[in-house]
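Beneath this line is the structure, given in structure tokens, with notes to follow.
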Protein chains: 2
Amino acid sequence: MSDVAALAGVSKMTVSRVLAGRGVAPATRERVQLAIDELGYVADAAAGALSSGRSAFAAVFVPSLASSNFSDTVRGLTSALEPHGLQLLIGDTDYDLEREERLVRSMLRHQPRCIALTGAQHTPATRELLVRSGVPVVEMWDLPATPIDAAVGFSNAKAAREMVRYLTGRGYRRIGFLGGASELDRRGMERLKGYLQEVKAQGMGEPRVVRLGESPITMSHGAPALEALLQQWPDTDAVMCVSDMSAFGAIMQCHRRGLSVPGDIAIAGFGNFEMAACCSPTITTVSVDAYGIGTRTGETLLAALAESDGAARHASARTSTRKSVKIDYTVIARESA
Amino acid sequence: MSDVAALAGVSKMTVSRVLAGRGVAPATRERVQLAIDELGYVADAAAGALSSGRSAFAAVFVPSLASSNFSDTVRGLTSALEPHGLQLLIGDTDYDLEREERLVRSMLRHQPRCIALTGAQHTPATRELLVRSGVPVVEMWDLPATPIDAAVGFSNAKAAREMVRYLTGRGYRRIGFLGGASELDRRGMERLKGYLQEVKAQGMGEPRVVRLGESPITMSHGAPALEALLQQWPDTDAVMCVSDMSAFGAIMQCHRRGLSVPGDIAIAGFGNFEMAACCSPTITTVSVDAYGIGTRTGETLLAALAESDGAARHASARTSTRKSVKIDYTVIARESA
DNA sequence: TTGAAAGCGTTACCAC
DNA sequence: GTGGTAACGCTTTCAA
């Protein structure tokens, strides 16, 4: 920066102002810009962060980057935050709360301006770290009973109940559920809960649940899960899957067995992945705007940042937003159920 | 840090050493650790980076986080770099070289220790920025004629030729190609090039190419692309798709039309996505180890870092690795072709 | 094994 | 509109 200042015949402060886009005389600004280009100068973000006391980072934690659900959410977040000069620090927790805690701990070293994480469940230490960090926090993809700060999501249980009601509305009464075996996928567990609640509420008798494979259940688990279901309850007339992935696997297995979908058995998914609209038959599913969860989360965080800036200026106390943004979902009726 | 030092009755330097895991007497170390825990102290990475002159960031640029190909590569990179304390800064270029340039420019402000990017094509300014940055650079997913520094990838054209040879080996002679319409997906263009080369080499007559939809072609373009192909060349006996995504769309369209795959028409994909093994029929494809590209890239970068550390210690000149790592691929014969 | 001082490259703050 | 100075919170370096 000194070099640039010298070449332009100004002080470092003026260079700093040019870079920040503050009030500088047009002529001066141009000279400085020329010097910057000539030297190929790139300002050091670390120095800026240290000096100003504010980084340009936002941290986000997702269970998996491999799921299009969460990569869409990350893209949405990026689209909301990048225009404000925030660089995303992405942590892939691999559905592991301990790993989430380690990642949060290491991310906090970078002093992120705000934090987004997935789900309502975290280790006590994670919660403590987040609260102590003093930055805006949004939990996504769920509506926690006791949010850390704000939340952007929906009730996975209610959404699942709606799908069961859709199926019963189409006349299906012997409805099975396919999901993952482990408890790690909290959203999946909520959907199972919703299924069980609705089956009970409608007096549909014994629930027909198959849980197979690590959570979240993958495409390839769909086939064996369907087999297990049909073996235990051969008269099943509809299957609700924890995600479109497993629904797809189940449908492909029906092809192999020569079962017609939905003629012999109806199959529904969850998430409205790209494949659901493309598969033959097209898959009936619950549509959730994953990208929108990202953008809404970004907006919520930006609002909290703006507010805390204002608060700082007015020397008032730190504001806690504690807002819950409810995300819409809809059952999309397609061919498979 | 001063607070921690005061509470532990030591100097800041000792606290710093404890955090860095350097030589500190066990008793002292324990006292300091206690103070850290008590105060919930989190070291500031920006200050550390500024002071030491080295950040803990690695930058990676991918065309899209939505593609499982690239998210797998990112996961592989993470697995290689995270254990070395490097935090990934991920840039989603959206297949846009101008956007890549902007992202590189803004990433460089964070002084990444090393950089990975996708493909061989970049704007001149991007190349210049990367070279001037002086940090190790790896280009992934391709083998550039003139790499910026090092490369980890394979020849998409050769891989495509191998698939054509596989198909002709199975007796197919009237082979079509489905791909995206735009030039942005360089890897896709290379695959098309390979197809054209092999069709010519084997004297198979007029190439049967359908290019449809933005690149990279999605699942939903597979169906209309197949229709267009069959309309123009009704006697086509095999279709090679630029990716498993479009192959899937094409296969589903065959289901709808009552065409048997591969009985009436064979269909092959590229990439060995999860769905390829799960679809009915299972999809013949070219398997590429996307995750491995990430880990190999990480290892290449780490080696370059270690070397440049050594070089610094020996006061020798900056080393340029200029290594090309060739990634294996194989045609996986499955049911669809 | 530990400590003191000097700086890293920027921005906040206050003069001019 | 511009410049000087003092931090920001660490690590490097050197000395004890």
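Below, chains carry the letters A, B, ... as their sequence lines are ordered, and counting in each starts from 1. Please read these numbers as outputs of a predicted model, since none were measured by experiment. Every heavy atom of this structure was used, including side-chain atoms; hydrogens, water molecules and symmetry mates were not.
Under the 30°/60° scheme for interplanar angles, the aromatic rings of Phe57(A) and Phe57(B) are found to be tilted.
Side-chain contact check for Leu108(B) versus Arg132(B): every heavy-atom pair is 4.5 Å or farther apart. Put simply, the side chain of Gln121(B) does not reach to within 4.5 Å of the side chain of Pro144(B), judged on heavy atoms.
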Report task. Output, in order, the C-alpha distance, side-chain angles, deciding distance and verdict of side-chain contact (heavy atoms from CB on, under 4.5 Å) for Leu302(B) and Leu81(B). Result -> CA-CA 8 Å; Leu302(B) 288 170; Leu81(B) 298 181; 3.8 Å; yes
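Exactly one of Glu128(B), Glu101(B), Glu100(B) qualifies for a side-chain hydrogen bond (donor to acceptor under 3.5 Å, both in side chains) with His122(B). That residue is Glu100(B).
In terms of heavy-atom proximity, Thr14(B) sits nearest to Val32(B) at CG2-CG2, 4.3 Å.
Of the candidate nucleotides dC14(D), dC10(D), dG3(D), dC10(D) has the atom lying nearest to any side-chain atom of Lys12(B). For Thr14(B), counting side-chain heavy atoms from C-beta on, the closest listed nucleotide (dT2(D), dC10(D), dT2(C)) is dT2(C). The side chain of Ser51(B) lies closest to dG7(C) when the candidates are dT10(C), dG7(C), dC13(C). In this structure, the nucleotide among dG3(D), dT13(D), dT12(D) sitting nearest to the side chain of Val10(A) is dG3(D). Nearest nucleotide to the Leu50(B) side chain, out of dC10(D), dG9(D), dG3(D): dG9(D). Listed candidates were dT11(D), dG3(C), dG3(D). Nearest to the side chain of Ser11(A) is dG3(D).
Residue Gly53(A) is out of contact with every strand shown, counting any heavy-atom pair closer than 4.0 Å.
In this structure, the CZ atom of Arg17(A) is 11 Å from the P atom of dG4(D), given to the nearest Å. For the pair Met1(B) CE and dC8(D) P, the computed distance is 15 Å after rounding to whole Å.
The stretch residues 20-46 of chain B touches DNA chain C through Val24(B), Ala25(B), Thr28(B), each having a heavy atom within less than 4.0 Å of the strand.
For the 3.5 Å distance criterion, the side chains of Ser71(A) and Ser68(A) fail to qualify, holding no donor opposite an acceptor.
Nearer to the 5' terminus of DNA chain C, by closest-nucleotide assignment, is the contact made by Met13(B) (compared with the other of Met13(B) and Ala47(B)).
Put simply, the side chain of Ser52(B) and the base of dT11(D) share no donor and acceptor less than 3.5 Å apart.
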